[in-house]
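Worksheet: the structure to be examined is printed underneath.
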Amino acid sequence: MNVLFVSIDSLRRDFLSAYRDRPFGYDYAVETPNLDQFADRGTVFDAHYAGSLFCMPARREWLTGTREFPWRGWGPIEPFDDTLPRIARSTGTVAGLVTDHYHYFQHGASGYYEDFSGFEFVRGHEHDAWRTAPREIDASFASQIQASDPDELSYMHRAQYARNVANFDPEVESDFFAPKVFSRTAEWIEDNQCWDDWFCFVDSFDVHEPFHCPEPYASMYTDADPHNPELPVWPRWGRLDAGQAAIDDQSLAFVKAQFAGKVTMVDEWFGRLCDRLDAIDAWSDTVVIVTADHGFSLGDHGWLGKADGPLYNTLAHTPLLIWHPAYSETVDRVDALTSAVDLHPTIASLLGGETNGPHGRSVIPLLEGDAVSIRDAALYGIWGSDINVTDGRYTYHRQCDETRPATGKSTYQLNPRAVFHPPDPPEDLTVSKLPYAESPVWCYEVPSISRQDDTMLFDTTVDPTQDHDVSSSASTERRRLRKLLASRLDDLSVPATEYTRINLDPPAASD
């Protein structure tokens, strides 16, 4: 069996008609005909959630089946991880990676691409350290991406993007990143028909910002001039009404239009990839999985971006669409709760391999009809911050105590608050163990950082936008979700300090 695994970074599920007629916060529909057609062909998972956020933590969950956020932040593949491309090799399956996701190749991340039989890296997205010239960047575009200092040489600076795309023609969409990624994927699949079985992981950094689009997408959802230097294509993160992210209504509308344009561009080139699968008659022996690591706040709850604020469903309730030639023609939708970490054992089984991934549960029984559920709760969160759980209806957001430190455990990730910079290990390291691995790891403490003002509870059946915290009025459900969170943390064998950090009694104490 062949497996095509497609990640579309930052794609919000509410932009797909399989989930909603139009996105929350928009007064117009966004065109995604190819993803819609794929959803009609395949199986739509209605209750799929992110696990460890953002970016590389999500990829470690997918590739290794490890629930990351209780143990460490953004970091590398660990020596004891059992990666999907390694499993593919063990079954005689050629494994390829096609990506413009430059975080794979930065400080703070290693081991993600090395196990693949081959990889294609499309250079230049966001802060990718690629072009060093021209030194002087276009002033109008610099304003749009908010690149304040073109002479800056830090590890993450916005002038880098301007240099990387200086030769892009805004009228030629094939110059841009999603077209390159999906075109090269189509070529890879066609070239590798010589193998009996293949696994291809397509990690598209779009629709991630900068929301810099070629035509026709830049003008598709706005009447404004896409090159107006006063209108941003790369907004800052934070509150809409204060600080660095403060933005007026006109600029916010433009940002939302450019995000929508990127979604439609990605859809167009995903559709061309599907056309290539049609041309080589690949659907009968290929499983295709489409998902996203997280969403992106576009004014929702007063926030822009993803790094600040609570993990509302805008960020954490993610799309999952699967085509399986044996099951998808009869299974249209799955309403069972699933989690990002479940994709690892799912793909491992499709590759005919076994995995040591400790935390995922394959979704194949849901497609086969052998199970109506595989989990009663999905945990999601960011290391060193608040912890969230959902039963598919209620979402419970447990605030951490910033006076109590978070504990990090890793063989390599030692500066988790500066992940893109050279390693800078703490001086008070100790040696520890993880409950799911035999190898020793370094252990250290850093301050916790909360993203919310208090613990919250939402009933998403009657309040899908999570505008009304019912933690004070739904006391029975609050207690049930609190116990559910404690129980699932206990399943992971998290240390007692993690319960203390979020002021939560362990299961034995709360019963």
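These figures come from a predicted structure and were not determined experimentally. In what follows, residues are counted from 1 in the order of the sequence shown.
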Ion pair Arg393/Asp391, N-O distance below 4.0 Å: no
Heavy-atom closest contact (Gly51 atom, Ala340 atom, distance): N-CB, 3.8 Å
Sidechain-backbone polar pair: His294 side chain, Ala316 backbone, donor-acceptor under 3.5 Å: no
Pi-cation contact, Trp62 with Arg59 (under 6.0 Å, within 45°): no
Side-chain (Ser52) to main-chain (Pro57) donor-acceptor, under 3.5 angstrom: no
Closest non-hydrogen atom pair between Thr43 and Ser328, with its separation: OG1-OG, 3.1 Å
Crowding at CG, Asp285 (>12 non-hydrogen neighbours, <6.0 Å): yes
Nearest-0.5 Å distance that lies between atom CE in Met265 and atom CZ in Phe270: 15.0 Å
Parallel, tilted or perpendicular, as decided by the 30° and 60° cut-offs, for the rings of Tyr312 and His301: parallel
Check: Ile364 and His324 side chains under 4.5 Å, non-hydrogen atoms: yes
Side chain to side chain, Ser373 and Leu337, heavy atoms closer than 4.5 Å: no
Asp300 and Ser297 side chains, donor-acceptor separation under 3.5 Å: no
Other residues, nucleotides, ligands: >12 heavy atoms within 6.0 Å of Gln37 CD: no
Charged tip of Lys256 within 45° of Tyr26 ring normal and under 6.0 Å: yes
Parallel, tilted or perpendicular: ring planes of His101 versus Tyr104, cut at 30 and 60 degrees: perpendicular
Heavy-atom side-chain contact between Ile382 and Phe54 under 4.5 Å: yes
Chi angles and distances behind the side-chain contact (heavy atoms from CB on, under 4.5 Å) call for Leu4, Ile289: CA-CA 6 Å; Leu4 174 61; Ile289 300 171; over 6 Å; no
Donor-acceptor pair, side chain of Gln399 and main chain of Ser450, under 3.5 angstrom: no
From CD (Glu126) to CD1 (Ile145), nearest 0.5 Å: 10.5 Å
Polar contact flag, side-chain donor to acceptor under 3.5 angstrom, His208-Ser10: no
Heavy atoms of other groups near Asp278 CG, more than 12 under 6.0 Å: yes
Pair His125, Asp206: side-chain N/O donor-acceptor within cut-off below 3.5 Å: yes
From CA spacing to verdict: side-chain contact (heavy atoms from CB on, under 4.5 Å), Thr222, Leu231: CA-CA 12 Å; Thr222 181; Leu231 296 177; over 6 Å; no
Whether Arg12 side chain and Phe296 backbone form a donor-acceptor pair below 3.5 Å: yes
Intermediate values then yes/no, side-chain contact (heavy atoms from CB on, under 4.5 Å), Arg239 and Asp308: CA-CA 8 Å; Arg239 294 291 307 177; Asp308 308 279; over 6 Å; no
Ion pair check, Arg123 and Asp128, cut-off under 4.0 Å: yes
Polar side-chain atom of Lys180 near backbone of Asp175 as donor-acceptor pair, under 3.5 Å: yes
Whether Tyr113 and Phe105 hold their rings parallel, tilted or perpendicular, with breakpoints at 30° and 60°: tilted
Close side-chain approach of Phe254 and Val233, heavy atoms under 4.5 Å: yes
Pairwise side-chain contact, Thr264 with Met220, heavy-atom cut-off 4.5 Å (strictly under): yes
Tyr28/Tyr221 aromatic ring centres below 6.0 Å: yes
Whether Arg398 side chain and Asn388 backbone form a donor-acceptor pair below 3.5 Å: no
Between His103 and Tyr112, ring centroids under 6.0 Å: no
Side-chain donor-acceptor pair present, Gln106, Trp74, cut-off under 3.5 Å: no
Minimum side-chain heavy-atom gap Cys55-Lys306 below 4.5 Å: yes
Side-chain (Thr66) to main-chain (Glu68) donor-acceptor, under 3.5 angstrom: no
Carboxylate-amine/guanidinium contact Arg20 Asp14, below 4.0 Å: no
CA sep, side-chain torsions, deciding dist, call: Phe168, Phe177, ring pair (Phe, Tyr, Trp, His ring centres under 6.0 Å): CA-CA 10 Å; Phe168 284 21; Phe177 297 104; 5.4 Å; yes
Donor-acceptor side-chain pairing of Thr465 and Asp467 below 3.5 angstrom: yes
Gap between atom CG of Asn2 and atom CD1 of Ile189 - 0.5 Å precision: 8.5 Å
Check: Arg333 and Asp335 side chains under 4.5 Å, non-hydrogen atoms: no
Sidechain-backbone polar pair: Gln160 side chain, Arg131 backbone, donor-acceptor under 3.5 Å: yes
N-O pairing of Arg488 and Asp376 below 4.0 Å: yes
Closest non-hydrogen atom pair, Leu366 against Ala336: CD2-CB, 3.8 Å
Separation between CG of Asp203 and OH of Tyr102, rounded to the nearest 0.5 Å: 12.5 Å
Parallel, tilted or perpendicular: ring planes of Trp234 versus His127, cut at 30 and 60 degrees: tilted
Residues in ring pair (Phe, Tyr, Trp, His ring centres under 6.0 Å) contact with Phe116, at least two apart in sequence or another chain: none
Pair Asp267-Glu31, side-chain contact (heavy atoms from CB on, under 4.5 Å): steps then yes or no: CA-CA 8 Å; Asp267 177 85; Glu31 295 181 21; over 6 Å; no
Nearest heavy-atom neighbours spanning Gly305 and Leu315: O-CD2, 3.9 Å
Arg41 to Trp283, cation-pi by 6.0 Å centre distance and 45° axis angle: yes
Donor-acceptor contact below 3.5 Å, side chain Gln244 vs main chain Trp237: yes
Main-chain N/O of Asp46 paired to His317 side chain as donor or acceptor, under 3.5 Å: yes
Sequence-distant partners of Tyr380, ring pair (Phe, Tyr, Trp, His ring centres under 6.0 Å), two or more places apart: Tyr49
Partner residues of Thr185 under the side-chain hydrogen bond (donor to acceptor under 3.5 Å, both in side chains) criterion, sequence neighbours left out: none
Heavy-atom check, side chain of Thr455 versus side chain of Tyr396, under 4.5 Å: yes
